[in-house]
Every structure is written in C-alpha cells, then in structure tokens.
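This one's a predicted model, so the numbers in the text were calculated from it and none came from an experiment.
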Amino acid sequence: MMARQLFFYSPFSHSTAATGEAPALLLQFIIRELLRSRDRLTHSSAPQIAPFDWAWKHGSAHKMQEFASLLPIAFPALAAEAAEFANHLHASCAELIGRLEPFIRASRTSENLLYFLLKHQKSPTIKLMLDKICPQGLDQLKKDIVLQYQKRGFYPSKWID
C-alpha cells in the first residue's frame with residue numbers, strides 16, 4: 001500500500017495539483033505566503049503546533065514546504081526548478097519569488113494568475129516579474145486579461161486597475 005501525504009495547508013493533493021487551473025492557483029498560494037512575510041519565512045516556535053499555524057499573519061515555512069512539495073507534481077516539466085525552489089526555502093522572500101519565474105512563465109495563459117500578479121504589483125519583486133514576463137507593458141497585459149475573461153463568458157464592467 002502506498003503511503004499518502006497529509007496536507008494541512010494546501011487545498012490540493014498529489015492527484016489534483018496538476019489538473020485544470022490548479023498549478024496557477026498553487027502559484028498564487030505560494031506568492032501570497034511570500035508576500036505576507038517581511039523578509040524571510042518563519043518557523044513556528046514549537047514544532048508540535050506546526051499544523052495549527054495556518055492563521056499566522058506572516059509567512060510560514062511549514063506552509064511553504066508543503067506548497068513546494070506540490071510544485072513538481074503541478075509542473076512536471078519543471079521538476080529540477082521545483083527542487084531548486086524547495087532547497088532554497090531559507091532564502092529571502094524576494095529571491096524565492098524570483099525563483100518562481102519559470103513556473104509563472106509556464107502559467108502565462110492563466111488570466112487569474114496574471115490578474116493576481118497585477119493586483120500585487122506594488123511589491124517591487126512582483127513588478128519586476130511582470131516587466132519580465134510581459135515586455136509589451138501593463139496596458140497590453142490588462143487587455144489580454146479582459147479578453148481571456150470574455151472568452152469564458154465574463155464581461156468585466158470596469159477596467160482592471
């Protein structure tokens with residue numbers, strides 16, 4: 001019988017992490033956790049409370065370890081990059097966001113991920129990432145996002161700010 005990993009923080013499992021929009025959503029969970037941290041991820045003071053630190057207001061290393069374990073499943077073609085990301089969880093949050101670039105590029109067609117990045121562009125690291133993955137500029141990115149939503153039958157009533 002194969003051992004199953006129990007996930008405390010992620011809504012994904014090994015069987016769902018690579019389906020549909022799940023890879024792009026996993027990236028949003030990772031980036032959100034990194035943005036919640038000031039500079040580095042923090043460990044809970046007592047390991048026995050690790051599963052219950054989900055409500056912390058700062059980035060949790062425990063959550064990130066769990067999310068990182070799902071990256072090679074969500075992005076099998078980027079398994080080496082996922083391993084590098086997992087091996088550098090002690091690095092600064094800005095460096096970790098930078099290490100997500102190949103995954104973000106692989107998910108460039110996800111309007112939800114692009115909109116998430118656009119909404120968090122106040123972060124200098126996210127702004128730099130947007131400039132790299134969208135050299136045409138943010139206005140073109142906004143138009144692309146709106147077009148993608150319209151293809152799915154959603155018609156945004158106002159322009160994305």
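Side-chain contact between Arg152 and Gln148: absent, with no pair of heavy atoms (C-beta onward) separated by less than 4.5 Å. Looking only at side-chain heavy atoms (C-beta outward), Arg32 and Phe116 come within less than 4.5 Å of each other. Side-chain contact between Glu33 and Gln28: absent, with no pair of heavy atoms (C-beta onward) separated by less than 4.5 Å. With contacts defined as side-chain heavy-atom distances shorter than 4.5 Å, the pair Leu117/Leu141 does not qualify. Phe75 has its side chain within reach of Leu27: a pair of non-hydrogen atoms, C-beta onward, lies under 4.5 Å apart. You'll find the side chain of Ile30 reaches within 4.5 Å of the side chain of Leu71, heavy atoms only. Using a 4.5 Å cut-off on side-chain heavy atoms (C-beta onward), Lys127 and His120 make no contact. Counting only heavy atoms from C-beta outward, the side chains of Leu138 and Gln121 approach each other to under 4.5 Å.
When all heavy atoms of Ile97 and Met129 are compared, the closest pair comes out as O-CE, 3.3 Å. The two residues Ala106 and Leu78 make their nearest non-hydrogen contact at CB-CD1, 4.1 Å. Nearest heavy atoms, Ala68 versus Ala86: CB-CB, 4.1 Å.
To the nearest 0.5 angstrom, Cys134 atom SG is 11.0 Å from Lys142 atom NZ. Between Thr125 atom OG1 and Leu35 atom CG the span is 8.0 Å, to the nearest 0.5 Å. Interatomic distance, Leu34 CG to Phe67 CZ, rounded to the nearest 0.5 Å: 9.5 Å. A distance of 9.0 Å separates CG in Leu96 from NE2 in His88, rounded to the nearest 0.5 Å.
Panel note: side chain Ser69, backbone Glu66; a donor-acceptor pair is recorded below 3.5 Å. Counting only distance, with no hydrogens or angles, the side chain of Arg40 and the backbone of Cys93 share no donor-acceptor pair below 3.5 Å. Judged by distance alone, with hydrogens and angles left aside, the side-chain atoms of Ser92 form a donor-acceptor pair with the main-chain N or O of Glu95 at under 3.5 Å.
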| request: Take Lys143 and Gln136 through the side chain to side chain contact (heavy atoms under 4.5 Å, CB included) test and state the conclusion after the steps. | output: CA-CA 11 Å; Lys143 289 176 186 175; Gln136 310 93 317; over 6 Å; no

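Clustering ILVMFWY residues whenever any of their side-chain heavy atoms sit less than 4.5 angstrom apart, transitively, puts Phe85 in a cluster other than the one holding Leu128.
The pair Arg99-Glu81 does not count as a salt bridge, with every side-chain nitrogen at least 4.0 angstrom from each carboxylate oxygen.
For Lys122, the side-chain hydrogen bond (donor to acceptor under 3.5 Å, both in side chains) criterion is met by no residue, not counting sequence neighbours. Every side chain to side chain contact (heavy atoms under 4.5 Å, CB included) that Arg105 has, sequence neighbours left out, goes to Glu101, Arg108, Lys132, Ile133.
If you check the side chains of Asn112 and Tyr149, you find a donor sitting under 3.5 Å from an acceptor. There is a side-chain donor-acceptor pair under 3.5 Å between Gln140 and Asp144.
Shown are Thr109, Ile104, Ile145; of these, the side chain to side chain contact (heavy atoms under 4.5 Å, CB included) with Leu114 is made only by Ile145.
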